[in-house]
Every structure is written in C-alpha cells, then in structure tokens.
Amino acid sequence: MSDIKVSALRHVYSVGTPFEKVAIDDINIEIPHGQFVGLIGHTGSGKSTFIQHLNALLKPTSGTVTVDGEDINADKISAKNVRYKVGLVFQYPEYQLFETTVLKDAAYGPQNQGFSEEEALEKAREALVRVKLSEKYWEMSPFELSGGQKRRAAIAGVIAMNPKVLILDEPTAGLDPKGRDELFDLIRELHEKMDMTVLLVSHSMEDMANYVQRIVVLNHGTLMLDGTPSEVFSHVQELEQVSLAAPQVTYLMKDLEKAGFPVDTTVTTIEEAKKEIIKLC
Ligand code: ADP
C-alpha cells in the first residue's frame, strides 16, 4: 500500500470572488512507503498548496488525499491523526519553535500525542540526538540557536512524533553552502535510518540530483513531470520553458557530447560525471 495516494486533487482559493485562483488542478500521484521524493516547480506552481493537503492543513476543493489507506478528510479524527503520521517542517521552521527550551519544544508533539511528560521528554531527547543537536543546547531557548541549529530543532520536534512521512519545505533556504550540505546529509541519514517516506521541496537541481530517488515537477498546479532524476532532467527544454533547469553537470555532459565525446548525457551528479570523464582518458 502507498503511504500517500492523491486522486483528482483540485484546490481553488477564494472561490466565487474576483481573487479566485486555481492552485492545484487535477493532480494524481502515489508515493510508496520509504521513497525519497523531491518536489520542484517555480514560485506559484502550487508546491506549498500541494504539501499542505498531505497533512490536512488544507481541504481539497475536490478530489481525495489518502494517507496510509485512510481518506484524511473523511472526518475530524482522521485530520488530527494524520498530523502525527505526516510531519511537516515549514519553510522557515524557526517559526515552528515556541517553547522556552529546545528540549521542551521537541517534547511538545509527543505530549500532544498522549505520551506522559517523561515519555515525551525521552522521545524528544532521542530526536535531538538523531538530528545531532548536542546536549549543551537542550536547555537553551530555541531562539538562541544558529540558523542551521534552529532547523535541526524544528526537525527534531517533528520526528519526535515518529511520523511515517516527513515533508520538508525548502529546509535549507537561507543557509550557507556548508550548512546546506550538512542539513541535506542529515535528511538523507534520517531517511535511511528511520524508515520514513521523505518529500522534499527544493529549488536546487543539484541537491535534487544528489539526494532524491524521484522528482515530481509541478507547473501551474498540474503535474508536469514525474520520474527518476535522470528521466526528469532529460527534459531540459521543457524545464527551461517553465524557468527551471537541469543540474549544471548535465549541461556539461551535453556540451561534451556535442563536441564529439561519447559520454552519457543522462548523468546528473558530479560523481557520475567524474566516472564518465575518466572513461574518456
Ligand atoms: P508555490 O509554493 O509553488 O510557490 P503556492 O502553492 O504558494 O505555490 O501558490 C500557488 C498559487 O496559489 C499561486 O498563484 C498563489 O498566488 C496562489 N495562492 C497561494 N496561497 C493563496 C491564498 N492563501 N489565497 C489566494 N491565492 C493563493
């Protein structure tokens, strides 16, 4: 069974007003358990609207969203339960932090799930260790942390609830390259070790190519492309038409091919490109 099944999903904002806007238009998609999926699309393509449907923050205008076999909009109980199954880390997760200490913040979710204070704190400690936030920060206010540490604290607050699906909206926005790489490495590790499905929204094609197994491209609220990074990035022209691009290294391979070198142009990461270039020597 798929973790997530979205059928004929449509979302219209401000229905019946002059500001009416179709943000999601007939999206059908299934995400099996354990997949690491990247979601891309230019600003306004519907990414944020889409992910908010996956944990019932928004209700579909029409269509259904099924999580773990259950229609999450069927009743109020389903909507509440789905928040524990599908954890959402917002774009600037620092706004998700509100308790007086990092530890209490991470314990907030499990406590809401009905665990005792001590159990919730234990789950919080485990989650903080998983995100590699050292113990010396646990009694500090979340607001005293650096940008990267705040992201880790926000992720800990979500994984402390042991979700089946983890959704991260541009988790590295505003971080420097080192902080970005460290956070992506952490997300990969969480995906591998916690048996979670991960859906990651990112603008960086390089990061998508490096980390995810499947890329879904949205355009004007519709599903434009869906496949492995190599499959999706082979549609360079279509991506460029919607102001997206393939990773730099894919362009390099195409240039090499044009110059007469027999290289694989479906390459999307630097590691793969290195192997192709060494083969030429
Ligand atoms: P993305 O996350 O890809 O930038 P969004 O899901 O935020 O896209 O937006 C999709 C479309 O819906 C855009 O045209 C946006 O202007 C519109 N939209 C988003 N939120 C609202 C809202 N609360 N009210 C009206 N229109 C909205």
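Heavy-atom basis, side chains included; hydrogens, waters and symmetry copies ignored. Each ligand, and each atom within it, is numbered from 1 in the order the structure gives.
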Report yes if Thr43 has an N/O atom closer than 3.5 Å to an N/O atom of ligand 1; otherwise report no.
no

My question is simple, although I want it checked carefully: is atom 3 (O) of ligand 1 less than 4.0 angstrom from any protein heavy atom?
yes

Salt bridge check: are Lys132 and Glu189 linked by an N-O gap of less than 4.0 Å?
yes

Verdict with reasoning, Ser202 to Tyr211, per side-chain hydrogen bond (donor to acceptor under 3.5 Å, both in side chains):
CA-CA 11 Å; Ser202 173; Tyr211 292 95; over 6 Å; no

Looking only at non-hydrogen atoms, which of Tyr13, Phe19, Phe50 approaches atom 27 (C) of ligand 1 most closely?
Tyr13

What part of Lys47 sits under 4.0 Å from ligand 1 if we count only heavy atoms: the side chain, the backbone, both or neither?
both

Compare Thr49, Thr17, Val22, Ile24 and give the one whose heavy atom is closest to atom 9 (O) of ligand 1.
Thr49

Do Ser14 and ligand 1 have an N or O pair less than 3.5 Å apart?
no

Looking at atom 11 (C) of ligand 1, tell me if a protein heavy atom falls under 4.0 Å from it.
yes

Could you tell me whether Arg180 and Asp207 make a salt bridge, using a distance below 4.0 angstrom between a side-chain N and a carboxylate O?
yes

Do Asp195 and His33 have side-chain N/O donor and acceptor atoms under 3.5 Å apart?
yes

Separation between CG (Asp25) and NE2 (His11), nearest 0.5 Å, reads 12.5 Å

Determine the minimum heavy-atom distance between Thr250 and Phe233, stating which atoms define it.
CG2-O, 4.3 Å

If you scan protein heavy atoms around atom 14 (O) of ligand 1, the nearest is Lys21 CE, 3.0 Å

Do the side chains of Lys193 and Arg130 get nearer than 4.5 Å, heavy atoms only?
yes

In the protein, which heavy atom is nearest to atom 13 (C) of ligand 1, and how far is it?
Gly44 O, 3.7 Å

